[in-house]
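Here is how names work: the chains are called A, B, and so on, in the same order as the sequence lines, proteins then strands, and each is numbered from 1.
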Amino acid sequence: MKRNILSRPPRYLPHKIEEKWQRRWRRHKTYEPDFLGAKKPFYNLMMFPYPSAEGLHVGNMYAFVGSDIYGRLKRMQGNDVFQPIGLDGFGIHSENYALKIGRHPADQARISEKNFYRQLGMIGNGFAWNERWETYDPEYYEWTQWIFTQLFKNGLACRKKAPVNWCPSCKTVLADEQVIQEKCERCGSIVIKKELEQWFFRITKYAERLLKNLDKIDWSERVKIAQRNWIGKSEGAQITFQLVDVPGQENGKHSLKIFTTRPDTIFGATFLVISPERAKLWLDIGWQAPEDVQKYIASAAHRRNDPEEKKSVEKTGVFSGVSAINPANKEKISVWISDYVLDNVGTGAIMAVPAHDERDFVFAKKYGLPIKMVVCPHYPTPTCPVLDNAYTGEGHLVASGKFDGMPSEKARAEIIKSVGAKPITQYRLRDWLISRQRYWGAPIPLIFCDSCKIEVENEKLLKKYNKGEIENPGWIAVPDKDLPVRLPRIKDFRPEGTGVSPLAAVKSFYQTRCPKCGGKARRETDVSDTFLDSAWYYIGYLLQAKNEVRSTEYGSANLKMFRAKNKILQKWLPVDMYIGGAEHSVLHLLYTRFLGMAFHDWCLTDFDEPFPRFRAHGLLIKDGAKMSKSKGNVINPDDYIRAYGADALRMYLMFLGPFEQGGDFRDDGIKGITRFLERVWKLMPIAARIKKNEKREMTKEPQKVLHQTIKKVTEDIEGLQYNTAIAQLMICLNAFEENADGITREDALTLLKLLAPFAPHAAEELWQLSAAKKGDAFRSIHLEAWPRYDKRLTTEDTYELIVQVNGKLRGRVEIPVGTTQTDAEQAARALDSVRTHLISPPKKIIFIPGRLINFVV
RNA sequence: GCCGGAGUGGUGGAAUGGCAGACACGCAUGACUCAAAAUCAUGUGGGCGCAAGCCCAUGAGGGUUCGACUCCCUCCUCCGGCACCA
């Protein structure tokens with residue numbers, strides 16, 4: 001084989017080799033780990049894509065290649081790498097497209113699937129194809145449903161009536177996390193609030209743990225910060241104010257609880273404000289409010305639901321006529337109703353301290369309410385400034401009775417005690433709204449039985465129910481043996497906007513028997529949020545491990561199945577390296593952590609953080625803007641792969657900027673990579689001429705560069721600094737070409753190994769041509785050992801000393817490593833440029849061995 | 001408004017507080033060619049200078065330091081996230 005290339009050096013023709021190696025790798029199961037026998041399991045995961053009909057775009061490829069390079073390094077370093085692939089094809093995103101083009105989502109899924117897998121195969125990643133699966137596969141969503149029933153049985157799923165986000169275009173409710181700047185995450189329509197009864201997952205039960213665990217996981221800092229903000233912990237107090245002047249009621253009969261993080265400012269609380277929703281509740285229980293107040297309450301509620309009006313930041317409000325007593329100073333203050341108070345935060349009521357809260361200040365100014373300063377930033381200077389906006393910082397208390405002079409931080413606890421308030425921790429995080437009134441999703445595996453509900457209404461059970469021991473009366477989980485609840489193929493899958501799923505019109509679907517009493521019962525017809533599908537997929541791949549043990553063989557015995565796979569789960573989980581987009585900071589990544597904790601608490605797994613290490617990749621943009629269909633700047637990798645080959649595109653994508661930062665896709669740079677690969681191609685036959693044992697006198701330079709390259713490429717891949725790793729490979733090639741006679745075959749093969757993660761096909765082809773002997777069984781370069789560097793060769797024995805005068809570069813001298821300051825100084829002074837600038841004797845000499853000498857005059 | 005990230009040649013981008021602009025793209029000139037493409041060679045931040053060389057330069061302005069792209073403060077611009085969260 002070697003002789004061949006010597007006589008007729010082959011040209012680099014990517015399309016001739018890439019498909020060949022992709023096929024061969026699959027046939028030889030090059031990237032399939034031995035799940036039970038693996039000695040050093042390494043789970044390398046990249047967020048799986050949702051198969052949009054347009055196909056894989058170059059941004060997906062960017063992320064996948066970045067993950068693959070890391071995985072390939074780990075594999076060559078001797079790990080058993082598992083790098084799965086699948087499709088997140090259930091859910092609104094896929095369904096909306098199907099609706100748009102008028103094709104059934106199930107049919108569209110098959111089409112997209114084929115196209116996606118074709119494209120994913122072309123990019124040259126080391127995927128374990130055997131374990132792939134799709135979230136809409138009934139075998140997959142059987143598990144999704146089983147997890148749902150587990151959440152239900154463990155008290156983490158509950159049905160609640162609450163004001164929820166409703167997308168008028170997608171005609172379904174959405175979780176808080178899926179509302180991006182008041183808009184639907186999928187279609188961009190402005191979301192409105194609707195009061196509906198829905199299924200929720202109790203993620204709030206885990207709020208503190210989700211927050212605290214962030215400290216122990218190794219994640220991109222920006223994602224941790226996003227999660228911290230989203231969970232939004234705030235510590236404060238619940239304070240009770242007695243109400244007076246309630247029409248037709250005795251004073252002191254009613255009270256109002258408010259939440260504040262600044263109890264220290266209570267002496268400055270000059271009025272209270274309640275949300276319009278809260279006020280409406282008062283009306284409902286018989287409050288005789290003046291007519292204008294009633295009017296306001298009705299209009300404010302309307303405003304909140306109007307997509308146009310809700311954008312307004314202008315605060316409106318009305319005096320309720322009711323007053324309250326400030327428990328700190330016993331002053332009588334007015335109670336207002338305003339839309340700037342949110343109903344779902346705290347108690348839906350606040351104490352307004354206009355001097356120390358921006359919003360209260362604006363409101364007080366507008367309605368001429370008193371502003372009383374109680375925290376002074378300049379204490380003990382008695383004069384406090386006249387405020388033209390609120391002072392929200394810390395200081396010392398004034399006008400606060402016996403607390404005068406106390407630092408505000410300290411006063412918080414003291415005042416809580418003195419007014420008999422309750423210290424409380426609040427989270428911004430809300431429960432995860434899981435129901436969707438749509439068709440294309442996993443049906444929620446619950447059944448409602450009227451007669452079982454009535455049972456709850458007997459006295460004994462009712463007591464339990466009231467104590468919170470029985471939840472969701474009448475609702476029963478579909479037993480494991482009846483899973484999956486198959487999504488029927490229906491003709492009319494269009495969402496109606498009536499608040500129910502299209503499945504609610506399918507009698508054969510919802511009519512069923514109660515698993516408990518056997519009576520007539522009705523299935524839940526909503527489907528679950530897509531994010532439930534993706535919240536456990538990392539386990540899903542492992543459940544697929546070794547194709548022969550598929551869930552069908554185990555029937556519906558899911559728990560048993562889980563246990564049967566336990567060895568594999570224990571061996572491979574948690575995920576060693578997870579890479580994905582930062583846009584999932586508070587969506588997928590939060591939900592997955594929540595489920596991970598639940599699994600752990602149910603003793604299904606022995607870890608509570610599924611992704612101890614996560615890195616967010618950057619965004620690939622085009623002409624400074626995000627790639628999107630609407631802008632028409634989405635790039636399909638197919639054309640580029642056809643023209644330049646997958647290897648060139650891979651390397652180009654990785655070369656255009658730091659992986660974690662992203663970059664701008666401009667195709668003029670891809671040529672440089674092609675040139676590089678062609679030069680590597682030409683170098684191999686030259687290097688092959690010299691065998692190891694007849695080693696010529698190796699010039700020191702290229703060998704040094706090679707070992708520096710091993711070091712740099714290894715470290716850079718570990719740190720996801722792919723752009724500089726590629727630059728170093730180029731430097732190495734440049735050095736090799738300059739000394740083409742001095743390099744050996746071994747040197748060239750080492751360079752190939754370093755190139756392998758980036759350009760897997762080209763590296764494989766050249767490796768097989770140059771390294772493999774005729775008749776040998778196929779052994780992929782990607783399973784070869786990663787090169788190690790010789791420390792002696794990465795360090796120099798002389799160096800260029802930088803010579804500065806007053807910090808300005810004046811020259812350099814070559815001196816041996818370890819030269820003393822005196823000798824270095826002497827060498828430096830010998831330079832003409834130093835002599836001209838050193839007009840007077842230096843006051844000070846800074847000498848940094850190995851680097852520079854600086855004469856300060 | 002708050003919280004992140006970033007601002008460096010014509011372009012993408014390199015630089016543990018120590019040679020600013022690695023590595024590429026592009027461009028220019030030359031070689032090869034009838035010619036072009038490809039390839040190879042050389043040059044390529046700005047200003048002054050025949051040259052050696054000198055000066056200026058990392059969004060703007062200050063500061064710390066012998067020395068700042070890098071650390072600190074103030075401000076401007078862009079990108080991303082959150083947004084009346086009490």
Side-chain N,O (A:N229) to OP1/OP2 (B:A83) below 4.0 Å: no
Please evaluate the base of B:G18 for a donor-acceptor partner in the side chain of A:Q804 within a cut-off of under 3.5 Å? yes
Please state whether the base of B:C66 and the side chain of A:K843 form at least one donor-acceptor pair under 3.5 Å? no
As a test of reading the structure: which of B:U39, B:A15, B:G12 is closest to the side chain of A:R666, going by heavy atoms? B:G12
A:R679 side chain: which of B:C23, B:C40, B:A86 is closest? B:C40
What does A:V856 touch in the nucleic acid at a heavy-atom separation under 4.0 angstrom: a base, only the sugar-phosphate, or nothing? sugar-phosphate
Map A:R812 and A:D360 onto RNA chain B by nearest heavy atom, then report which one ends up closer to the 5' terminus. A:R812
Would you say A:N723 places a side-chain N or O within less than 4.0 Å of OP1 or OP2 belonging to B:A14? yes
Name the closest nucleotide to the A:Y340 side chain, picking from B:C84, B:C66, B:C19. B:C84
Which nucleotide in the list B:G4, B:G18, B:C25 gets nearest to the side chain of A:R222? B:G4
From B:G18, B:A22, B:A14, nucleotide with atom closest to A:I848 side chain: B:G18
Could you give the distance from CZ (A:R812) to CD1 (A:I853), rounded to the nearest 0.5 Å? 15.5 Å
Give a yes or no on whether the ring-centroid distance for A:W432 and A:F531 is below 6.0 angstrom. no
Could you work out which one of B:A22, B:C82, B:C66 sits closest to the side chain of A:I180? B:C82
Think A:T724 has a side-chain N or O under 4.0 angstrom from the OP1 or OP2 of B:C23? no
Answer yes if the side chains of A:Q728 and A:T709 hold a donor-acceptor pair under 3.5 Å, and no otherwise. yes
Could you please name the option among B:G4, B:G18, B:A24 that lies closest to any side-chain atom of A:N734? B:A24
Assert: residue with more 5' nearest nucleotide on RNA chain B, out of A:L809 and A:G232, is A:L809
Does the side chain of A:K671 get closer than 4.0 angstrom to OP1 or OP2 of B:C25 through an N or O atom? no
Side chain of A:R675 (C-beta onward), nearest among B:C25, B:C56, B:A22: B:C25
Return yes if the base of B:C66 and the side-chain atoms of A:N854 contain a donor-acceptor N/O pair under 3.5 Å, otherwise no. yes
With the side chain of A:R851 defined as its heavy atoms from C-beta on, choose the nearest nucleotide among B:G18, B:A86, B:C56. B:G18
Side chain of A:K808: nearest nucleotide among B:A24, B:C84, B:C56? B:C56
Under 4.0 Å between any heavy atoms, over every strand shown, what does A:F655 touch: base, sugar-phosphate, or nothing? Just pick one. base
OP1 or OP2 of B:C3 versus the side-chain N and O atoms of A:R228: is any pair under 4.0 Å? no
